[in-house]
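Below is one structure, written out as structure tokens, with a few remarks after it.
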There are 2 protein chains.
Amino acid sequence: MVTLAEVAQHAGVSASTVSYVLSGKRSISTTTRQRVEQSIRELGYHPNAGARALASSRSNIIALMVPLRTDMYVPVMMEIAIAVATTARAHGYDVLLLTGEEGPDAVRRVTRSGLADAMILMDVQLDDERLPLLRGAGRPSVLIGLPADTTGLTCVDLDFTATGALCVEHLASLGHRDVAVIGEAPAVYERHTGFAERTLDGLRARSRELGVRLLHRPCEGGYDAMAVTLARILDERPGTTGFVVQNESAVEPLLALLRQQGRAVPEDVSVVAVCPEQVAVQASVRLTSVAIPAQEMGRHAVERLVAKLDGRGTDDVVLLAPELTVRASSGPAPAAS
Amino acid sequence: MVTLAEVAQHAGVSASTVSYVLSGKRSISTTTRQRVEQSIRELGYHPNAGARALASSRSNIIALMVPLRTDMYVPVMMEIAIAVATTARAHGYDVLLLTGEEGPDAVRRVTRSGLADAMILMDVQLDDERLPLLRGAGRPSVLIGLPADTTGLTCVDLDFTATGALCVEHLASLGHRDVAVIGEAPAVYERHTGFAERTLDGLRARSRELGVRLLHRPCEGGYDAMAVTLARILDERPGTTGFVVQNESAVEPLLALLRQQGRAVPEDVSVVAVCPEQVAVQASVRLTSVAIPAQEMGRHAVERLVAKLDGRGTDDVVLLAPELTVRASSGPAPAAS
DNA sequence: CTGAAAGCGCTAACAC
DNA sequence: GTGTTAGCGCTTTCAG
């Protein structure tokens with residue numbers, strides 16, 4: 001194993017000089033720097049992570065806690081995770097992958113042991129048991145998601161309330177007056193993950209303002225569940241011409257069922273989805289949708305964290321503005337029959 | 001921050017005693033152990049990761065390198081990653097998440113810096129540029145996937161050759177004589193990721209033995225691509241009654257198109273998929289399938305790695321035996337017309 | 001069964 | 001602009 005001391009010797013300088021060349025924390029003459037860099041390259045030197053962490057009390061590691069449970073849409077989580085890892089590397093940090101399994105203990109373990117300098121939490125519950133620990137951890141953290149009480153916390157999330165509003169606005173502007181919301185699985189609401197409720201809030205408030213009748217039904221994914229849900233909706237509100245879907249695994253079943261019933265999209269009914277771009281584009285009907293900006297969320301989270309670690313940055317909530325892209329699944333409401 | 005020294009003082013013993021209580025590397029009297037454990041709990045002590053790594057030259061971290069690219073089926077990767085993280089924790093290891101972005105450099109960086117004790121690589125190419133580095137790294141590693149040359153490497157993967165064979169066997173036993181294979185996107189074959197080719201090898205060899213006519217067509221995901229591919233297949237081999245699909249994003253489009261053309265599944269045509277259980281179960285027709293055992297692969301990989309780190313364990317290739325589950329998408333071939 | 005003490009490789013004062 | 005050196009908190013001989 002190549003050590004800093006060996007590099008120093010090879011370059012004919014002292015250990016501290018090598019250290020400072022690496023950190024740039026004091027000015028080094030060009031010639032010295034080049035000799036040192038040359039030695040580093042020749043010897044294939046990489047600073048020892050443990051020693052560095054011990055001496056500087058900074059591990060240059062960011063912990064990312066992902067939910068163990070996979071009833072959230074997995075590709076989104078993965079996309080966020082990859083964006084986090086990539087952005088972190090760009091700032092000189094590595095990423096430690098923690099699953100929700102350990103629960104709050106993981107927070108304690110990681111912060112107390114100095115394994116990570118900071119953490120990012122995904123899938124935050126409204127009343128998350130990890131939050132008190134974070135506030136008292138003495139280490140920066142960023143939540144992806146929005147808990148009920150955000151005091152002392154930094155959060156990044158899509159503005160789901162605005163997202164809901166945007167969806168009805170779009171449908172209303174096309175003349176739809178009866179809109180049904182295909183929600184997440186009941187379990188998601190029971191967990192109080194927040195985002196589902198917030199979308200609903202946005203949908204409801206805007207519907208009221210615009211005079212749209214709104215019907216909300218949670219829905220497990222899959223064909224069978226969707227069939228039941230759709231039947232109930234059309235039974236209760238036969239005049240429904242607009243659908244808002246916030247459950248990726250219900251999207252394709254819904255489209256198939258509508259087709260099967262002879263309801264053309266978008267001629268007879270319009271569908272707006274809240275989902276990742278990829279899902280919207282690959283669906284059997286290209287979907288008008290509000291994208292879930294997974295990459296952006298991951299990137300944002302890391303950047304705020306790095307800012308905090310550098311002593312800049314503040315505690316606050318960043319809600320990314322939703323963007324609705326019109327595709328082939330939405331159109332003017334059919335003339336009332 | 002609570003240190004080992006503080007624990008020692010609190011318990012009225014020496015630092016080394018505390019250390020040995022923690023590691024169990026020498027016998028401690030029950031009373032001493034209990035006093036120490038009590039102090040640890042009272043003070044909320046967690047050993048400093050950096051110091052421990054420095055002193056023991058073991059970080060207790062396993063690096064997991066996931067592909068940056070996401071044209072592989074993402075949920076499978078995520079499932080593997082989570083299984084890796086969970087299993088690793090059960091053995092006292094944490095997981096460092098590396099993306100393919102850095103490429104071979106990441107291998108060098110992580111091993112040379114002692115950041116991780118070992119690595120797991122996903123999405124291995126047949127001729128992967130990271131392999132030479134791994135062989136000379138002096139640190140254990142496990143590949144999930146199978147490169148061309150496995151000497152000096154440990155690999156875990158599904159036995160895709162056997163998987164291919166199993167699929168034709170099933171269809172042949174039901175009387176199907178003309179089978180079409182909907183393959184992965186052309187890019188996957190061009191990258192030589194191995195698994196796609198191996199499935200094909202298995203399919204071909206077994207088809208020959210069983211007198212099944214096989215037609216293979218790569219296919220991008222999505223409805224449009226699938227429509228084109230299906231048309232070509234049926235044009236070329238109108239008598240096709242069996243389909244093997246190895247591209248999750250082609251599954252649903254295929255089913256929809258067959259339905260649309262009035263070909264009933266499984267009465268007119270049978271479909272066998274190579275895909276995660278979840279996809280098979282949630283499809284519009286419950287699919288007869290060979291599952292991709294993501295969890296098992298992740299768990300296996302970690303366990304082999306831990307064995308190596310403990311000085312047990314050898315270099316070898318573990319191919320998990322495929323299991324075909326019969327569901328609603330396959331049935332007897334229709335009588336020849 | 002327990003203690004004392006020498007590092008592990010690096011950072012960051014403190015000197016010059 | 002560079003060198004010297006005292007730790008960082010832990011593991012692990014070496015003693016007893």
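Just so it is clear: chains get the letters A, B, ... in the order the sequence lines come, proteins before strands, and each one is counted from 1.
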Assert: residue with more 5' nearest nucleotide on DNA chain D, out of B/Gly50 and B/Tyr20, is B/Gly50
Exercise answer: donor-acceptor pairs, residues 55-62 of chain A side-chain atoms, under 3.5 Å, sequence neighbours excluded:
from	atom 1	to	atom 2	distance (Å)
A/Ser56	OG	A/Arg52	O	2.6
A/Ser56	OG	A/Arg58	N	3.4
A/Ser56	OG	A/Arg58	O	3.4
A/Arg58	NH1	A/Tyr93	OH	3.4
A/Arg58	NH2	A/Leu309	O	3.1
A/Ser59	OG	A/Ile61	N	3.2
A/Ser59	OG	A/Leu115	O	2.9
A/Ser59	OG	A/Asp117	OD1	3.2

Rounded interatomic separation in angstrom, taking [atom1] from [X] and [atom2] from [N]:
X       : N      : atom1 : atom2 : value
B/Arg52 : D/dC8  : CZ    : P     : 19 Å
B/Gln9  : D/dC10 : CD    : P     : 14 Å
B/Glu6  : D/dC8  : CD    : C1'   : 13 Å
B/Leu4  : D/dC8  : CG    : P     : 13 Å
A/Arg58 : D/dG9  : CZ    : C1'   : 19 Å

Residue set satisfying side chain to side chain donor-acceptor pair (under 3.5 Å) with B/Asp159, at least two apart, ordered chain then number -> none
Looking only at D/dG9, D/dT2, D/dT11, the nucleotide nearest the B/Ser19 side chain is D/dT11
Span of DNA chain C engaged by chain A, first through last nucleotide within the 4.0 Å heavy-atom cut-off, is C/dG9 to C/dC14
So, with a heavy-atom separation below 4.0 Å from DNA chain C, the residues of residues 21-34 of chain B are B/Arg26, B/Ser27, B/Ile28, B/Ser29, B/Thr32
Here the residues of residues 36-45 of chain A within 4.0 Å heavy-atom distance, strictly under, of DNA chain C are A/Tyr45
Rounded to 10°, the helix from C/dC1-D/dG16 to C/dC16-D/dG1 deviates from straight, judged by its five-pair end axes, by 30°
Donor-acceptor pair between A/Ser19 and A/Ser16 side chains, under 3.5 angstrom = no
Can a donor-acceptor pair be found between the side chains of B/Gln38 and B/Glu42 at a distance below 3.5 Å? yes
Paired with B/Asp315, the salt bridge (Lys or Arg N to Asp or Glu O under 4.0 Å) test is passed by just one of B/Arg135, B/Lys308, B/Arg304, namely B/Lys308
Electrostatic pair A/Glu102-A/Arg109, nearest N-O below 4.0 angstrom:
yes
Remember a base hit wins even if backbone is also touched, and classify B/Ser16 as base, sugar-phosphate or nothing at under 4.0 Å, heavy atoms. base
Worksheet item: For A/Val13, which contact category applies under a 4.0 Å heavy-atom criterion: base, sugar-phosphate, or nothing?
Response: sugar-phosphate
